[in-house]
Amino acid sequence: MLAGEVFPWREGNRFRLLLDGPQFFPQILQRIDTAQQRVDIELYLVEDGLCTDRLVDALIAASGRGVRVRCLFDGFGCLKLGQKTRQRLLDAGVDLRQYNPLKLQLKFRNLHRDHRKLILIDDLCCFVGGAGATDEFWNPDKPDEHWHEAMVEISGSVMEDWQRLFDVQWTLCLKRRIWQLPLPRQLPKIPAAPDALDGAGRVAYSAARQHRDILHSLLRNLRRAERRIWLATPYFLPTGKVRRELMRAARRGVEVRLLLTSRNTDHPSVRYAGQRFYPRLLRAGVRIHEYQPHFLHLKLVLVDDWVSVGSCNFDHWNLRWNLEANLEAVDSQLSADVAKSFEHDFNQSLEIDLQQWHARPLYLRMYQRLWGLLDRLVINIFNRSG
Ligand SMILES: O=P(O)(O)OC[C@H](O)CO
């Protein structure tokens, strides 16, 4: 959880953008197969299936070679990880911990989730992004059916901060006490992104309301944007501050484009709730694209040449309760790859037009009103109760 600590920018890193499970999972498995000392995994979604079978096989093989393997899975996100699979890992000597397992007496504190997605392999490389280990991300038997997702393979000096983030959480997860930490009195001091420097990377993270440098860093970059803000998220319920900065940027001439889900989503209610923001954003000049081919699960931001990629959807639910972690990077190759990916996805999307939006059918308006009201109501209740 590490509330309070802010990581610096580190230089001399290499980044490789990997798009979709069929590209990144085989690469992750290959790296695990070559691990010599340790493999550390922190994931939100882990469910029984072909994808997890392959991952578990690789972890068991690594453990059998004498590699120390530690798995930190979220207590809610791994509910569909069967006892048999867990036992296989334990029998092979893999260390398994859960973050905040569900308990009745915790009541609303059950909402605190570890939403980070990190895979660290020796001092060699780590993978950071938005994927979990489920067949939705990669089904080796159906390689064309997958959620649209991004992971970045990272190597270099920023690895030591990723390792620290994992190590601290590995120890603290047993205590389950994030909500007992005091709320910060002042905003964290975030180091400025370096100007035009290749290979610069930083770990940005959040830990419920106790630490949110991931959000403050995004806001700062939105305020400073000069050319473009391209932002992709599957669950578009941004905080008011994020919405205001997007609109301000669009009004001052920055190209602001959002890449969001279409009807192809696992949570239509969240999509409906977020659509209530469309009219104001569109009127301010923000362009909104709904991605058609697959469920878009990417969490990716490009502001000028600054990249932020990882677990964070920048929505008010995630930022209130979750542990999140993103890679922030300034690197010409990574920016170019991210821009290319966005351009490709914009071309496969339906752009929302304000006039057509106003002419949408009544039943859609009703869904949007209903889910929008519910979302607002719940957030207001939690805001009042502190
Ligand atoms: O919470 P996310 O963004 O990792 O997504 C998880 C799945 O969508 C849960 O349905």
Side-chain angles (χ1 to χ4, degrees), residues 18-21 24-25 28 41-49 51-52 55 71-81 98-100 102 110-119 127-139 145-152 165 169 204-208 212 214-215 218 231-239 242 258-274 290-291 293-301 308-327 345 371 374-375 378-379:
L18 300 165
L19 292 170
D20 297 331
F24 55 72
F25 266 111
I28 290 169
I41 301 193
E42 185 172 348
L43 287 178
Y44 173 60
L45 278 185
V46 188
E47 299 178 1
D48 275 351
C51 173
T52 295
L55 181 63
C71 296
L72 172 53
F73 297 153
D74 179 71
F76 175 76
C78 75
L79 280 178
K80 293 186 187 161
L81 183 69
Q98 279 188 58
Y99 177 81
N100 201 21
L102 297 186
N110 282 307
L111 291 169
H112 286 279
R113 308 284 23 129
D114 184 349
H115 199 242
R116 294 174 186 162
K117 291 98 166 139
L118 327 174
I119 300 173
F127 296 84
V128 173
T134 79
D135 288 0
E136 278 89 8
F137 292 98
W138 181 51
N139 181 336
E145 294 176 21
H146 54 79
W147 289 354
H148 186 28
E149 186 51 88
M151 297 289 283
V152 179
L165 190 77
Q169 195 53 45
Y205 71 99
S206 68
R212 288 176 167 175
I214 203 168
L215 171 67
L218 174 78
L231 184 149
T233 174
Y235 304 119
F236 183 65
L237 292 172
T239 65
V242 171
L258 305 177
L259 182 64
L260 309 178
T261 55
S262 61
R263 283 198 295 186
N264 211 338
T265 169
D266 68 337
H267 291 306
S269 53
V270 178
R271 176 169 171 257
Y272 288 132
E290 291 188 339
Y291 181 74
H294 303 270
F295 171 35
L296 176 130
H297 196 261
L298 291 173
K299 301 100 168 55
L300 193 55
V301 187
S308 180
V309 54
S311 68
C312 192
N313 292 309
F314 293 107
D315 64 284
H316 48 232
W317 290 82
N318 275 209
L319 290 163
R320 186 178 187 94
W321 283 292
N322 287 352
L323 310 182
E324 304 281 352
N326 274 30
L327 167 77
D345 293 349
W371 289 110
L374 266 175
D375 173 57
V378 176
I379 282 298

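Whatever order the structure lists them in is the order used to number ligands and atoms, beginning at 1. Side chains are part of it too, since the values below use all heavy atoms of this structure and drop only hydrogens, waters and symmetry mates.
Annotation: Trp321, atom CH2; neighbour count of heavy atoms from other residues, nucleotides and ligands within 6.0 Å is above 12.
Asn139 is linked by a side-chain hydrogen bond (donor to acceptor under 3.5 Å, both in side chains) to nothing, counting only residues two or more places apart in sequence or in another chain. For Glu149, the side-chain hydrogen bond (donor to acceptor under 3.5 Å, both in side chains) test picks out His297, with sequence neighbours left out.
Paired with Phe127 under the rule side chain to side chain contact (heavy atoms under 4.5 Å, CB included), one option of Ile28, Leu327, Val152 passes, and it is Ile28. Of the options Asn318, Asn326, Thr233, Asn313, a side chain to side chain donor-acceptor pair (under 3.5 Å) to Lys299 is made by Asn313 and by none of the others.
Relative ring orientation between Phe25 and Trp138 is described as parallel, the plane-to-plane angle staying below 30° on a 0-90° scale split at 30° and 60°.
Proximity of a side-chain donor or acceptor of Asp135 to a complementary backbone N or O of Cys51 within less than 3.5 Å is detected.
Residue-to-ligand polar distances place His267 within reach of ligand 1: an N/O pair is separated by less than 3.5 Å. Of the polar atoms of Tyr235, at least one N or O is found under 3.5 Å from an N or O of ligand 1, judged by distance alone.
Near Asp266, meaning under 4.0 Å from one of its heavy atoms, ligand 1 places the atoms 7 (C), 8 (O), 9 (C), 10 (O). Contact atoms of ligand 1 toward Lys117: 4 (O) (distance under 4.0 Å to a heavy atom of the residue). The distance from ligand 1 to the heavy atoms of Lys299 drops below 4.0 Å at these ligand atoms: 2 (P), 3 (O). The ligand atoms of ligand 1 that sit less than 4.0 angstrom from a heavy atom of His297 are 2 (P), 3 (O), 4 (O), 5 (O), 6 (C), 7 (C), 8 (O). Heavy-atom contacts of Leu45 reach the following atoms of ligand 1: 6 (C), 7 (C) (cutoff under 4.0 Å).
Contacts between Asn313 and ligand 1 below 4.0 angstrom, taking non-hydrogen atoms only, involve the side chain exclusively.
Looking only at protein heavy atoms, the nearest one to atom 2 (P) of ligand 1 is His115 NE2, 3.0 Å.
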